[in-house]
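As a basis for the values below, the full set of heavy atoms in this structure was taken, side chains included, without hydrogen atoms, waters or symmetry mates.
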Amino acid sequence: MTDQPVEQRRVRVWFGQHLLHDYLAEATAAERYAESIGRRFAGLEVTVDLEVSADLRPLPCEQLWSVLTP
């Protein structure tokens, strides 16, 4: 068994030019989060980028995605 590095992504939630949230997440979770929040809050833009930083907060657990306010 080989340990594959986990691909990380930066997930940001925007209201116009205003950054609301900035998270670090595993690549597939980042995409699922972007789709989920994009459906729930259609007026917000959610971006998923390759640019990552160690000081970013982790993505909230998936069970909270439907109840969190942006």
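- Considering every non-hydrogen atom in both L20 and F15, the closest pair reads CD1-CB, 3.8 Å.
- At a threshold of 4.5 Å between side-chain heavy atoms, the hydrophobic network of Ile, Leu, Val, Met, Phe, Trp and Tyr places F41 and V13 in one connected group.
- The two residues A30 and V11 make their nearest non-hydrogen contact at CB-CG2, 3.3 Å.
- Each of D49, D22, T47 was scored for a side chain to side chain donor-acceptor pair (under 3.5 Å) with R10, with one residue passing: D22.
- When every heavy atom of V48 is checked against every heavy atom of A34, the shortest pair comes out as CG2-CB, 3.8 Å.
- Between L59 and A25 the shortest heavy-atom distance is CD2-CB, 3.6 Å.
- Side-chain contact annotation: T28 with E26, donor-acceptor N/O pair under 3.5 Å present.
- The shortest non-hydrogen separation linking Y23 to P58 is CD2-O, 3.4 Å.
- A distance of 4.5 Å separates CG in L24 from CD in Q8, rounded to the nearest 0.5 Å.
- Across R9 and L50, no two heavy atoms sit closer than the pair CZ-CD2, 3.2 Å.
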